[in-house]
> 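Following this message is one structure expressed as structure tokens.
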Amino acid sequence: MRQINKDMNVKIVIHHAIVALVVLAAAFEARGDSWAPPIGIPAPSFGIAEIAPRAPNPWRSPTSGFYYVCSSCTGAADTNNPFGTPAKPRSSIPNPVPAGSVVELHGTYTKSQTSPNGLVLKGTSAAPVFIRGASASDRPKILIGWEVSGSYGILENLVFTFTQSRDGLALLAPASHLALRHSDVSGNPNGGGMGIASWSSAAADNVVVYHNYIHDNGDVNATFDQDVHAIAVGPRVSNLWVVDNELARSSGDGIQINAGNKKA
């Protein structure tokens, strides 16, 4: 085992082999469409430059492919309301999320999206899925844990503030071409943070974690080895980019990579 200590609460722990390509930028900087990879690092094929289709304007009637979700809004309902509108929002994210969908979240989201209700994204290269806040200044607050699997999906402009013990965000195998960007992730004294992981024989590949603030996960003053990491990377993960994020005040590591062992 080899440990590399960096600034900003970052420690990389490597067991046996590196299974992910990881880059940590020194500054939290919005690069937008002008982003370029660090020297010597290939650009990901998906997750940085894609732009969500514009929401209907005005959004007065249900529109195929566009979902307006606000579980904290008065009158929100899923029954007989497949897409939702600002006047009549859905109360939850459709699951699975069809290819090409844009799910716009508003308000406070309190539905658990962990097993057996983990979100499954059915995006394709030509028709990716977006689950997003309307803009960088209009971001929903998500209070309960999420597990997200599937393909060609982008989570952006979201604020995860986990209130329940041991809750967090997991990009979970089987997963391919998923991204979290322009978002804020924080936890509680007993949990929080995010993971890119496989809990089975399935793999996760081509994952991007770009331009996020991941902070205050676990109890940074714990007197025991709590190990609530800002970002945890598990076995069977390959082609992972962690770029231009700020990681702060987690009780564990800024990022921990654990490749497991031959039997894992």
Side-chain angles (χ1 to χ4, degrees), residues 8 10 12 18-53 97 99-103 118-133 136 139 142 146-160 168-185 193-198 202-215 229-247 254-257:
M8 292 173 22
V10 172
I12 300 177
I18 296 175
V19 296
L21 169 64
V22 179
V23 181
L24 293 175
F28 180 54
E29 177 183 2
R31 298 180 183 271
D33 293 339
S34 64
W35 184 84
I39 294 173
I41 300 300
S45 62
F46 177 85
I48 298 287
E50 289 76 17
I51 299 174
V97 188
S101 298
V102 178
V103 179
L119 290 169
V120 179
L121 312 187
K122 295 289 190 177
T124 67
S125 177
V129 165
F130 289 85
I131 300 178
R132 64 192 308 269
R139 303 192 296 182
I142 298 155
W146 279 20
E147 295 168 3
V148 182
S149 61
S151 59
Y152 287 97
I154 292 175
L155 312 179
E156 65 178 3
N157 300 334
L158 305 174
V159 176
F160 294 90
L169 169 65
L171 304 183
L172 188 61
S176 182
H177 297 86
L178 298 183
L180 173 73
R181 65 190 194 187
H182 314 316
S183 294
D184 186 300
V185 180
M194 72 168 298
I196 303 95
S198 172
D205 66 81
N206 290 284
V207 176
V208 171
V209 182
Y210 165 53
H211 189 243
N212 304 287
Y213 181 32
I214 305 175
H215 61 101
H229 310 303
I231 302 174
V233 183
R236 303 183 189 87
V237 176
S238 62
N239 296 302
L240 167 67
W241 283 259
V242 179
V243 288
D244 295 2
N245 300 280
E246 182 177 348
L247 313 177
I255 182 168
Q256 185 175 101
I257 303 171

> Could you tell me if the side chain of Val129 sits less than 4.5 Å from the side chain of Ile154, heavy atoms only?
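Heavy-atom side-chain distance check fails, nothing below 4.5 Å.
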> Among residues at least two apart in sequence or on other chains, which ones pass side-chain hydrogen bond (donor to acceptor under 3.5 Å, both in side chains) with Asn157?
none
> Of all residues at least two apart in sequence or in a different chain, which pass the side chain to side chain contact (heavy atoms under 4.5 Å, CB included) check with Val120?
Asn95, Pro96, Lys122, Ser149
> Residues two or more places apart in sequence or in another chain: which of them pass side-chain hydrogen bond (donor to acceptor under 3.5 Å, both in side chains) with Asp184?
His215
> Mind checking whether Ile214 and Glu246 have side chains closer than 4.5 Å, heavy atoms only?
no
> Please report the shortest heavy-atom distance between Val103 and Val97, naming the atom on each side.
CG2-CG1, 4.0 Å
> Are side-chain heavy atoms of Phe46 and Val207 found at a separation under 4.5 Å?
no
> Under 4.5 Å between any side-chain heavy atoms of Pro44 and His177, yes or no?
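They are not in contact (no side-chain heavy atoms under 4.5 Å apart), so the answer is no.
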> Please check if any side-chain donor atom of Asn239 sits under 3.5 Å from a side-chain acceptor atom of Asp205, or the reverse.
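No donor-acceptor contact under 3.5 Å links the two side chains.
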> According to side chain to side chain contact (heavy atoms under 4.5 Å, CB included), who are the partners of Leu172, at least two apart in sequence or on a separate chain?
Glu147, Ala197, Trp199
> Does Val209 reach the side chain of Val243, with side-chain heavy atoms less than 4.5 Å apart?
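Val209 does not reach Val243 side chain to side chain.
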> Start with the C-alpha distance between Val208 and Leu180, add both sets of side-chain angles, then the distance that settles side-chain contact (heavy atoms from CB on, under 4.5 Å), and finish with yes or no.
CA-CA 6 Å; Val208 171; Leu180 173 73; over 6 Å; no
> With sequence neighbours left out, write down each residue that passes ring pair (Phe, Tyr, Trp, His ring centres under 6.0 Å) with His229, or none if nothing qualifies.
none
> Please give me the minimum heavy-atom distance between Ala173 and Ala204, naming the atom from each residue.
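Shortest heavy-atom separation between Ala173 and Ala204 comes out as CB-N, 3.9 Å.
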> Provide the closest heavy-atom pair for Arg236 versus Ala202 in the form atom of the first, atom of the second, distance.
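Minimum heavy-atom contact is CD-O, 3.3 Å.
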> Using 0.5 Å steps for rounding, measure from the CG atom of Leu169 to the OG atom of Ser183.
9.0 Å
> Are Trp35 and Asp244 packed together at the side-chain level, in the sense that at least one heavy-atom pair is separated by less than 4.5 angstrom?
yes
> Can any side-chain N or O of Asn212 pair as donor or acceptor with the backbone N or O of Asn245 at less than 3.5 Å?
no
> Taking the side chain as every heavy atom from C-beta outward, state whether Leu155 and Leu178 have any pair of such atoms under 4.5 Å apart.
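The answer is no; the side chains never approach within 4.5 Å.
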> Excluding sequence neighbours, so at least two apart, what forms side chain to side chain contact (heavy atoms under 4.5 Å, CB included) with Ala52?
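Here the qualifying residues are Phe130, Arg132, Glu156.
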> Check Gly40 against Pro42 and note the closest heavy-atom contact, atom names and distance.
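Distance-wise, the nearest heavy atoms are O-CD, 3.9 Å.
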> Which class fits the ring pair His211 and His182: parallel under 30°, tilted 30 to 60°, perpendicular over 60°?
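Taking His182 first and then His211, their aromatic rings stand perpendicular (interplane angle over 60°).
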> Could I get the full list of side chain to side chain contact (heavy atoms under 4.5 Å, CB included) partners for Ala127, not counting sequence neighbours?
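Per chain and number, Ala127 pairs via side chain to side chain contact (heavy atoms under 4.5 Å, CB included) with Ala99, Thr124.
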> What's the separation between atom CD1 in Ile142 and atom CG in Leu158, rounded to the nearest 0.5 Å?
4.5 Å
> Contact between Leu171 and Met194 at the side-chain level, heavy atoms closer than 4.5 Å - yes or no?
yes
> I want to know whether Trp241 and Tyr210 have ring centres closer than 6.0 Å.
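No.
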